[in-house]
Amino acid sequence: MAQFILVVVAAAIFHFMLQLITILNRCHRFRGFVYQQASFSPDHKSIEIAVRPRKGSAAICSRCHQPAPGYDQLAERRFEFIPFWGFLVFLLYSMRRVDCRRCQAVFVEEVPWGDGKRTLTRAYMLFLARWARRLSWKETAEAFRTSWEKVFDAVEHVVTFGLEHRLLGQIDAIGVDEIQYAKGHKYLTLVYQIDLGITRLLWVGRERTIESFQGFFTVIGDELAAKIVFVCSDMWEPYLKVIREKCSEALHILDRFHIVAKMNKALDEVRAGESRRIASEGRVPVLKKSRWLLLKREQNLKTEQLFRLRDLLRYNLKTVRAYLLKEAFQQLWDYSSPTWAGRFLDDWCRQVMRSRIEPMKKIARSLREHRELILNYFRAQKLLSSGVVEGLNNKAKLTMRKSYGFRTFRCLELALYHSLGKLPEPESTHDFF
Ligand SMILES: [Zn+2]
């Protein structure tokens, strides 16, 4: 009886393996190669599928991509394919070497399902990379029982392809942004395209120096750079300098998002300083837990928080005065005429300069210095999708959070291009995901 069951099971497995090859031929078929047989590995944890060259088909030289006469065959290699019902799947293949007359040397052949160096098949790399856009790389590795390094490899493969094959086309508007990725002043420079029709990440540079931003212009070339019409940035001097040099014809805009962020930083500085002073003088800590009350926009506060804010605003504090100045500044964005916006800005700065609140005065001085660049925001308002830099910045931060724990420049660079670059993907025989 037991023997009979074994025979039945063996027959079922045999049948299943045949079906697997039928399925593979449907979704992952390549000219010049045939799937020979599929079987379980001795430990039954993976399925191994033997591949061989189709009779009479010549191997392709991996250097010149042309058919070439065979030379010899290397030991069998395992290419990892998309796992199936909890089983790892491997394609087994002995690579041929060719004696290429064109290249006048012996080279390993090129196989369509993988590349020379990596152990993952192209299909599996694209599969993992697509998941790695939705999950963190660690979660992706866990979900498919593979390693973090293999997910990294997969994303690197897909991003490298994407950067080599992307079309830059005409770029009307760019936004440049700095983003901190680790403690100790570790910054990246991000350059986005912010045209009305297309927004995407174009460039990731190490640091936030003149050189890192210039790297972007080296990549796109002088001809494309000369055609840029709008540039959005913050007040970071190295960026301003590069923009003056490389996009002298473009309208340079200090955009709303960067100014608001700077103002929040100043307000927070005032609050932290005053809070410390109150504590050291042993007074009632009225500013305790007030940080988000003051930094959030009023309409985003819950009712209970609104009551606490109203209560706080009754005190005669520097923080309260700074908060009111910040709130008053918001009116600036309601103007549509650059002239009236300019008048408002001048009034506001004058008021702040009399306030004796140093961090706010610093902002006012900086705004005065960059007055024209701020007013460009109003000159360009109808031609740019405003708020787009802020949206992209938030997405970049989210991407960085997801890759938490692996904050090397290379990882972040890949992760950012992968999620924000809108890069073309390598072609695939089938949509496995
Ligand atoms: Zn060749």
Side-chain angles (χ1 to χ4, degrees), residues 21 23-38 46-82 88-130 146-147 149-169 218-221 410 413-414 417-418 421 423-432:
I21 284 177
I23 296 168
L24 271 171
N25 274 323
R26 181 66 63 86
C27 63
H28 195 248
R29 184 191 186 96
F30 297 105
R31 258 184 64 203
F33 299 91
V34 288
Y35 294 111
Q36 208 169 12
Q37 59 174 24
S46 44
I47 297 171
E48 299 174 334
I49 298 150
V51 183
R52 64 165 176 77
R54 190 177 290 281
K55 278 203 179 71
S57 72
I60 307 288
C61 167
S62 59
R63 189 165 171 274
C64 65
H65 313 294
Q66 300 298 321
Y71 179 76
D72 64 358
Q73 216 162 17
L74 300 174
E76 191 173 73
R77 264 183 63 179
R78 293 158 69 84
F79 293 88
E80 198 171 342
F81 191 66
I82 301 162
L88 297 177
V89 178
F90 292 94
L91 305 183
L92 311 185
Y93 182 70
S94 303
M95 306 277 273
R96 291 169 287 177
R97 288 202 298 175
V98 295
D99 186 5
C100 183
R101 263 161 239 159
R102 231 173 257 96
C103 305
Q104 297 200 330
V106 172
F107 279 103
V108 179
E109 73 172 311
E110 166 179 284
V111 289
W113 60 80
D115 76 24
K117 285 149 258 134
R118 298 178 207 259
T119 57
L120 305 185
T121 53
R122 292 176 197 274
Y124 192 26
M125 286 194 280
L126 186 57
F127 178 88
L128 285 177
R130 282 181 176 176
T146 185
S147 65
E149 285 76 15
K150 284 182 183 173
V151 176
F152 174 94
D153 263 8
V155 175
E156 188 175 49
H157 165 76
V158 168
V159 168
T160 306
F161 175 93
L163 288 175
E164 276 167 12
H165 293 82
R166 73 175 169 180
L167 295 172
L168 285 173
T218 310
V219 164
I220 66 164
R410 181 62 177 154
E413 183 188 30
L414 289 173
Y417 276 128
H418 191 46
L423 297 175
E425 286 181 339
E427 256 180 57
S428 173
T429 53
H430 175 73
D431 267 326
F432 291 95

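Here the structure is a predicted model, which means the values were calculated and not measured. Whatever order the structure lists ligands and atoms in, that order sets their numbers, starting from 1.
Interatomic distance, CZ of R122 versus CZ of F161, reported as 9.0 Å (0.5 Å rounding).
Under the 6.0 Å distance and 45° angle rule, R78 counts as a cation-pi partner of F90.
For the pair L126/F432, no side-chain contact is recorded, criterion being any heavy-atom separation below 4.5 Å from C-beta on.
Counting only protein N, O or S atoms, the number found under 2.8 Å from the Zn ion (ligand 1) is 4.
Legend: residues meeting ring pair (Phe, Tyr, Trp, His ring centres under 6.0 Å) with F79, ordered by chain and number and at least two apart, are W113. Remark: F152 pairs with W148 by the ring pair (Phe, Tyr, Trp, His ring centres under 6.0 Å) rule, at least two apart or across chains.
Annotation: salt bridge (charged side-chain N to carboxylate O under 4.0 Å, His left out) contacts involving residues 149-164, sequence neighbours excluded, comprise E80-K150, R118-D153, R118-E156, E156-R410.
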